[in-house]
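I have placed the structure first, in the form of structure tokens, so that the comments after it can refer back to it.
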Amino acid sequence: MTGFQIPRNSLAWMLAAQTAVILPHISRMPYSTIALCFFCVLWRVMVYQGRWSYPGKWVKVLFVFFGIVGLGIGYGTFLGLDPWVGLLIMMFVLKLLEMHHKRDGYVVILLGYFVALTQFLYEQGIPYTLYMFVCVIMITAALIGLNQTRSHLRPVQTFKKASVLLLQSVPLMIVLFVLFPRISPLWTVPLQSSVARTGVTDTMTPGNIALLTQSDELAFRATFADEVPPLSKLYWRGLVLSRFDGESWTQELPALYGRLYRPDQPPPSWRDNMELLGEEVKYSILLEPTSQNWLFSLTMPEGTDKEGIGLVRDFRFYSFREIRSKLRYELTSHLNYRIDRDLHDFWRYRYTLLPVEGNPRSKRLAESIWDRSPNKQEYIRNVLRRFNREEFVYTLKPPVLGDNSIDEFLLDSKRGFCEHYAGSFVFLMRTVGIPARVVVGYQGGEYNRIGNYVEVRQFDAHAWTEVWQEGQGWVRVDPTSAVAPERIESGLEFAVEGEDTFLSNLPLSWMKYRQTLWLTEIRLQLSALSHYWDSWVVGYTPSVQMSLLARYFGDLDRKWLGMVMMSSFFSLLGVVAIFILGKRSHTLLRPIDREYLKFCQLLAKQGLPRSVGEGPLHYAARVVQTRPDLAPAMKQVTDTYVRLNYAEDQPEKTESLRKAIRVYRFRNLVTET
Amino acid sequence: MPAIIEETIAQVGSVLLGKEHQIKLALTCLLLSGHLLIEDLPGMGKTTLSHALAKVLNLSYNRIQFTSDLLPADILGVSVYEKDSSDFKFHPGPIFSQLVLADEINRTTPKSQSALLEAMEERQVTIEGRTRPLPLPFFVIATQNPNTQAGTFPLPESQLDRFLMRIELGYPDAVAERILLKGEDRRAVLERLVPSVNVHQLQELQVEAEQVKVSEALLDYIQRLVLYTRQAPEFAYGLSPRGALALLSCSRSWAFIENRSHVVPEDVQAVLPSVVEHRLREAADFSGHGGTALAQRLLTKVDVIG
């Protein structure tokens with residue numbers, strides 16, 4: 001153990017930075033690890049104060065052992081990201097206990113930068129980024145402190161210096177962020193695959209969408225190229241559910257759908273069944289991670305150019321990979337369309353299929369309405385009229401239903417959410433042989449005029465239906481609009497206004513205060529800011545980078561860009577190096593000194609180098625002591641040099657010195673041979 | 001080296017055995033009319049050196065033994081009422097002498113210390129409203145016990161700076177010690193010394209020493225040295241311009257003693273420890289020691305050529 005003490009400033013900032021860097025992780029860490037971290041910091045402070053000494057080898061081994069056991073018990077596994085981040089943090093803190101040398105201090109500081117980085121595996125929002133910037137300043141302050149003498153006693157000064165340093169590097173950061181070639185990772189870590197995410201699922205049971213609406217989490221943001229269509233027309237199609245087992249609705253078997261429509265393959269035959277009419281709406285969607293495969297689009301989308309995404313037979317998008325990070329995709333939709341004008345008999349059969357058993361009263365109800373209706377259109381209208389006229393209530397708190405859920409809903413409780421209406425509507429359609437299916441997704445959203453985008457949150461989740469009609473194909477029918485038209489026009493909040501159930505479990509949600517104008521204004525501003533951040537910083541992927549650079553520099557190759565970056569970086573380094581080295585060796589040296597140093601190098605090759613603080617006379621004396629044979633030559637050169645440099649002050653006249661050195665070389669040559 | 005100086009050194013060397021380097025340093029200092037501080041343990045020959053120098057250089061010599069109850073009047077002198085003339089007559093103190101040995105300066109109180117140090121700086125004394133010049137040339141050789149010994153009042157940095165040089169004598173080597181043990185009493189040898197210069201010659205030597213040439217290359221070296229003390233982290237503070245000037249003039253004077261017409265880096269290196277050690281303090285050491293180590297760093301880390 002050496003006497004090296006980490007300077008006070010450095011240690012203070014090191015501990016502060018360490019705490020700050022670990023803080024965001026604390027909610028994910030087991031208690032034992034937190035306790036260990038705390039204890040290590042305490043021990044280090046005690047060591048600094050001279051009260052305790054560094055722990056011995058076996059104590060440290062014990063710490064590591066129990067630390068790892070604690071992690072194992074706390075997380076229950078060593079697979080996945082969390083335990084490894086926990087291990088990194090634990091080692092980072094344990095390293096404090098063996099900071100014997102300055103080098104150990106550097107290790108802790110570098111680890112600090114690394115741990116700061118791991119936070120971005122979990123969160124990439126603006127607040128965390130700002131927080132991490134502060135952390136990086138603190139770590140840098142520790143780095144500066146490590147190189148300060150003990151007379152620097154004011155930590156604030158060190159912090160200021162670090163801040164100035166980092167602020168100075170911001171332009172470089174921006175340039176590198178924008179220009180530096182983005183390389184796809186060489187390997188990937190499974191990021192939080194186990195984390196449950198709220199979102200639309202591929203099964204619809206009465207009650208599960210109502211549950212979803214308890215969340216104010218962001219689902220996606222859609223930015224429109226032109227004017228935003230009215231909210232009531234924004235049906236974000238996600239999934240088509242057409243199989244009913246008496247209780248829940250699920251997707252059609254994928255095998256029946258056949259080939260997907262992908263950008264890299266010729267269109268499948270069913271693509272001809274799409275007739276897109278009217279004006280096109282161009283928009284891009286930045287989807288939050290869902291851990292699912294389906295994507296959302298306005299009815300009715302054209303295909304997509306994005307790789308890894310395909311259009312399914314039921315006209316919705318499917319991603320081949322689970323969406324685990326934010327995904328941006330561009331789409332063009334047509335609000336008017338005609339799809340599947342001719343429906344094959346097989347599909348007619350599939351879309352009218354119902355379980356034989358169950359819900360007998362609803363079936364009778366359907367037949368009685370059918371008897372009253374002259375044609376199919378009139379039948380649909382009668383069913384909707386029934387929803388509208390009878391005492392149906394649109395509520396977030398529907399009663400629990402039994403086995404014959406549709407019977408109970410339609411004839412007894414008459415209280416339900418969109419999935420009740422959509423499900424029972426399709427049931428009524430299918431009972432009389434009209435092909436129908438349930439569509440789930442989101443409806444509406446909130447228009448943000450600052451960023452010109454529509455923000456869709458989980459409580460905008462919705463279920464509606466599509467009914468196939470002769471000559472028109474699939475027509476969207478939203479039974480909810482018959483019961484609660486304000487849901488479609490203004491959103492859920494207004495549809496359940498009197499009930500006080502909107503986000504009742506989130507008393508402090510921003511969303512509950514939409515009527516308070518100034519709060520809404522602030523919320524929209526923040527949301528727009530976060531949207532720009534998501535699309536331009538977090539969403540600055542290799543492809544976005546290439547298209548951005550292409551816009552300003554024309555088409556360029558990524559390899560070429562990398563080469564330009566690297567070569568300009570190294571040439572910059574080279575210029576700096578030449579500047580530093582040149583200053584040292586050539587630009588400021590007098591001609592006479594240059595000659596003399598060359599002479600010294602000749603001697604150095606013979607094993608007699610001049611040391612830095614050695615004057616010419618002492619050097620000559622030392623050389624002669626070991627090599628008496630060199631005495632005359634040494635005397636000649638040294639005398640000439642001293643005369644020119646110190647007596648006559650004529651550093652430009654190198655002639656006689658050169659001559660003396662030539663004489664030395666010649667003599668040396670003779671002696672050697 | 002000039003014959004007079006050679007003789008001087010030889011004479012002093014016959015009393016203070018084996019300390020030629022220190023004698024030369026002391027002469028260097030005196031040639032510049034600078035004051036000298038000798039710091040060492042008691043009995044190392046501090047007094048002998050100064051006494052011998054006074055004798056050989058033919059200077060009037062006074063010794064003040066500093067004690068803890070010494071008063072400024074004991075140094076400067078005092079006016080005493082005389083019955084005969086019924087007037088006050090000034091009795092000059094021991095300071096009125098060409099070479100003053102202030103022995104064990106750090107044993108006295110700061111008040112008396114500063115009385116001496118003021119006289120050193122001003123080269124005159126003001127008592128009872130009258131300013132009396134001190135004789136010319138005027139040198140003070142102060143001796144100091146190491147600060148760690150009991151009963152010492154360390155001199156503050158600002159007053160240490162008044163001394164052009166600080167030297168240590170150190171133990172004699174074995175050969176010198178044997179001669180010392182076998183030979184006669186040093187006091188007797190001291191008595192036999194004859195002056196080798198007169199005041200006039202000494203002043204001439206001083207003028208000659210100023211003629212020694214200093215080249216640009218050498219000034220560069222001195223500036224590099226000074227810059228290093230100001231930039232390197234181990235120095236609590238750098239050398240002052242006064243310190244740099246002292247280094248330059250001492251180098252010049254040393255070169256003169258070495259009988260050179262120009263200063264070479266070796267001259268700077270020879271005087272450097274004596275000139276800078278008491279003016280520097282190590283950053284990590286608040287007690288004021290460590291100057292020796294710092295001077296060694298300067299000698300090894302700063303490039304002579306460049």
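To find a chain, count down the sequence lines: A is the first, B the second, and so on, and within it residues start at 1.
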> Within a strict 4.5 Å, meaning less than it, do heavy atoms of the A:Tyr646 and B:Val263 side chains meet?
Replying inline: no
> Highest number of heavy-atom pairs under 4.5 Å with chain B: which of A:Leu597, A:Leu617, A:Val642?
Replying inline: A:Leu617
>> With a 4.5 Å cut-off on side-chain heavy atoms, are B:Val304 and A:His618 touching?
In response: no
>> Looking at A:Gln49, I'd like to know if its CD atom is crowded, meaning that more than 12 non-hydrogen atoms belonging to other residues, nucleotides or ligands lie closer than 6.0 Å.
In response: yes
> What's the spacing between B:Ser215 OG and A:Glu648 CD if we round to 0.5 Å?
Replying inline: 11.0 Å
> Out of curiosity, B:Leu218 CG to A:Asn645 CG, how far, rounded to the nearest 0.5 Å?
Replying inline: 9.0 Å
> For B:Arg230, does the CZ atom sit with more than 12 other heavy atoms under 6.0 Å from it, leaving out its own atoms?
Replying inline: yes
> Is A:Asp649 reaching over with its side chain to a backbone N or O of B:Glu216, donor-acceptor style, under 3.5 angstrom?
Replying inline: yes
> Hey, what do you get for CZ (A:Arg590) to CG (B:Asp220), rounding to the nearest 0.5 Å?
Replying inline: 4.0 Å
> What part of B:Leu299 lies closer than 4.5 angstrom to a heavy atom of chain A: side chain, backbone, both or neither?
Replying inline: backbone
> Any side-chain heavy atom of A:Glu614 within less than 4.5 Å of one from B:Asp303?
Replying inline: no
> Which region of B:Gln269, side chain (C-beta onward) or backbone (N, CA, C, O), has a non-hydrogen atom less than 4.5 Å from a non-hydrogen atom of chain A, or is it both or neither?
Replying inline: side chain
>> Between A:Arg643 and chain B, with a heavy-atom cut-off of 4.5 Å, which part of the residue counts as in contact: side chain, backbone, both or neither?
In response: neither
> Counting only heavy atoms not in B:Tyr237, do more than 12 fall under 6.0 Å of its OH?
Replying inline: yes
> For B:Pro265 and A:Gly615, which heavy atoms make the closest approach, and how far apart are they?
Replying inline: CB-CA, 4.5 Å
> Are side-chain heavy atoms of A:Val612 and B:Thr300 found at a separation under 4.5 Å?
Replying inline: no
>> Is B:Ser261 in contact with chain A via its backbone, its side chain, both, or neither, using a 4.5 Å heavy-atom distance?
In response: neither
> In terms of heavy-atom pairs under 4.5 Å with chain A, which of B:Glu266, B:His262, B:Lys213 leads?
Replying inline: B:Glu266
